[in-house]
There are 2 protein chains.
Amino acid sequence: MKNHTDQRIPYRTVYRLSLYARALQRLLERGAETVSSQTLALASGVKADQVRKDLTQIGHFGRPGLGYPITSLLGHLHDVLGTTRLRPVILVGAGRLGRALMAYPGFNKEGFELVAAFDCDPKQYSAHSGKNGSVPVYPIQNLSKVVARHNARLGIVAVPAESAQSVVNQLIEAGIRGILNFSPVLLQVPEGITVNNVNLALELEQLHYFTEDSAHSAKTSHAKSRKAIKHR
Amino acid sequence: MKNHTDQRIPYRTVYRLSLYARALQRLLERGAETVSSQTLALASGVKADQVRKDLTQIGHFGRPGLGYPITSLLGHLHDVLGTTRLRPVILVGAGRLGRALMAYPGFNKEGFELVAAFDCDPKQYSAHSGKNGSVPVYPIQNLSKVVARHNARLGIVAVPAESAQSVVNQLIEAGIRGILNFSPVLLQVPEGITVNNVNLALELEQLHYFTEDSAHSAKTSHAKSRKAIKHR
DNA sequence: GAAAAATCGTGTCATATTTCACATAGTAGG
DNA sequence: CCTACTATGTGAAATATGACACGATTTTTC
Ligand SMILES: NC(=O)c1ccc[n+]([C@@H]2O[C@H](COP(=O)([O-])OP(=O)(O)OC[C@H]3O[C@@H](n4cnc5c(N)ncnc54)[C@H](O)[C@@H]3O)[C@@H](O)[C@H]2O)c1
Ligand SMILES: NC(=O)c1ccc[n+]([C@@H]2O[C@H](COP(=O)([O-])OP(=O)(O)OC[C@H]3O[C@@H](n4cnc5c(N)ncnc54)[C@H](O)[C@@H]3O)[C@@H](O)[C@H]2O)c1
């Protein structure tokens, strides 16, 4: 029997908890005060049963006949997810993709702050380091220093495939623990480091397969999943 | 008992098949001719047993004592995945993210071709439609026409959240069957349409959770997964 | 304050996916 | 041709995840 004293929350569940938090935010903005598992389910694209199961895993809440108090639940979710305050994130690779990410305001809204970017190409360094709200771009040599200063744990990798492993090694060296990787390579990391890969080609290939004429199935799916890989 | 006559290949498996194809490509370039499940597993970040299971699902191959013939296996994978030739993909939203995608050469290498982009903002239209290898940007009004001309089935959505649903409706109307969605909203689609969501904030949130001090676990995972959602 | 309606919490069941284990088949060498 | 070695294919067990059902609890209404 799993209860909320277990620190183990499975991948999929964490993912859904994020969805719930997002949905709750919207509901809150619309002035709602409580929400039923049914409504929350609809708003986040899962089933009501699943919502209740997930929520009981992080500690009870709902009141039968009424639902869940939104503010309180949202607070609890943020506690569990650790998103009570802005979390610093750094980026390596200020190329086309990197710059799009740097200009993206969505991170702040979702609890993350892109505090610094790094590149090995002097042409990419930003003269005005961090002024006027834009993300400063530093030489890669400054990585450790800046990461330490911001106490960052998460890093985004947007460098060409051939540089990715080297960059990742430096990130780990600098104290980064979680890596969001856009380069299409399999990264080797030691025990204790988490890597999430975003590989658009794979997404497209899968989409393509499931939209072939032969009716396989049709689902809405969330790009997220956890193929656990052992490292040695 | 499942065999290769079943057209049903599960999500996860299709994803891994893509990984294998990629790994095989690399091995081929290095001059290898056959590969063992063990080696292929290592190269694509899964376990050897899993590789064999997956491969038997698409029809037998390997020779005991020797392994799998790379060329032949790769060909078969492309057959199954439907990536024997370049597949056309269209993009809506030529903003920061959209332009990064348009400039990305990786798609072609992976079997996809970004044939056209669309925007509602005249400032984004490209004067030189499709000349010199760059992706042409058309007014969104031309969507149906261009999609039909290229016979495109897959579309990428990179418009602001508030426009996303509307754009998706138009895409479906135009004949698009699979959608890769970058906007952070839950899209409503009818039966028969597949949506893959790429939500960076969710990725970060999950990364963050699994890198908290309390040692939960540490895995390398592939951003991919399938939360099935019922639509009515 | 009692009955009806709404909604939660959770045990149980069903399904999907992965891991294990091993018999089986093919290769290589002498 | 026979032996030793390697690597596959696959049933069965183990996990993980999601679906379902239903009793319990609280609100709402009269
Ligand atoms: N552009 C896209 O839309 C897109 C889509 C999917 C995946 N990707 C992947 O994302 C990565 C980046 O793509 P991009 O289009 O932004 O490429 P890019 O070439 O535009 O940018 C890469 C940047 O990384 C910098 N860089 C290279 N080596 C470095 C190092 N060792 N340390 C620090 N910085 C270094 C370069 O100076 C450059 O500024 C690639 O791996 C690509 O495959 C890109
Ligand atoms: N920029 C990023 O790094 C990033 C990261 C994650 C997610 N996203 C998401 O991707 C989407 C696009 O982000 P962006 O930064 O490129 O935004 P952007 O504002 O730079 O670009 C959006 C583009 O979409 C066009 N557009 C708006 N409504 C349209 C419509 N109805 N039809 C056709 N075109 C329309 C706009 O003209 C604009 O060119 C957003 O939903 C964002 O949340 C972006």
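Per chain, numbering begins at 1; letters A, B, ... match sequence-line order.
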Distance-only donor-acceptor check, side chains A:Ser37 and A:Arg52, under 3.5 Å: yes
Any side-chain heavy-atom pair of B:Ser183 and B:Gln165 under 4.5 Å: no
Any side-chain heavy-atom pair of A:Ile58 and A:Leu17 under 4.5 Å: yes
CG-CG distance between B:Leu154 and B:Leu91, expressed to the nearest 0.5 angstrom: 12.5 Å
In whole Å, I'd like the distance from the [atom1] atom of [X] to the [atom2] atom of [N].
X       : N      : atom1 : atom2 : value
A:Tyr11 : C:dT18 : OH    : P     : 13 Å
B:Gln57 : D:dT8  : CD    : C1'   : 16 Å
B:Asp49 : D:dT6  : CG    : C1'   : 15 Å
A:Glu33 : C:dT7  : CD    : P     : 16 Å
B:His60 : C:dA25 : NE2   : P     : 13 Å
A:Asp54 : D:dA16 : CG    : P     : 16 Å
A:Phe61 : C:dC8  : CZ    : P     : 14 Å
B:Leu40 : D:dT6  : CG    : P     : 20 Å

Polar side-chain atom of B:Thr39 near backbone of B:Val35 as donor-acceptor pair, under 3.5 Å: no
Nucleotide of D:dT17, C:dT19, D:dA7 approaching B:Gln50 most closely (side-chain heavy atoms): C:dT19
Among D:dT10, D:dT17, D:dA7, the one nearest B:Ser36 by side-chain distance: D:dA7
Distance-only donor-acceptor test, A:Lys53 side-chain atoms vs D:dT17 base atoms, 3.5 Å: no
B:Arg87 and B:Glu110 ion-paired at < 4.0 Å: no
Mutual orientation of the aromatic rings belonging to A:Phe112 and B:His208 [parallel < 30°, tilted 30-60°, perpendicular > 60°]: perpendicular
Phosphate OP1/OP2 of D:dT6: any B:Tyr68 side-chain N/O under 4.0 Å: no
A:Arg52 side chain near C:dG9 phosphate (N/O to OP1/OP2, under 4.0 Å): no
Sugar-phosphate only, base, or nothing, as touched by B:Ser37 at under 4.0 Å among non-hydrogen atoms: sugar-phosphate
Contact pattern, 5' to 3', of nucleotides 23-30 of chain D - B, S or - by protein heavy atom under 4.0 Å: --BBS---
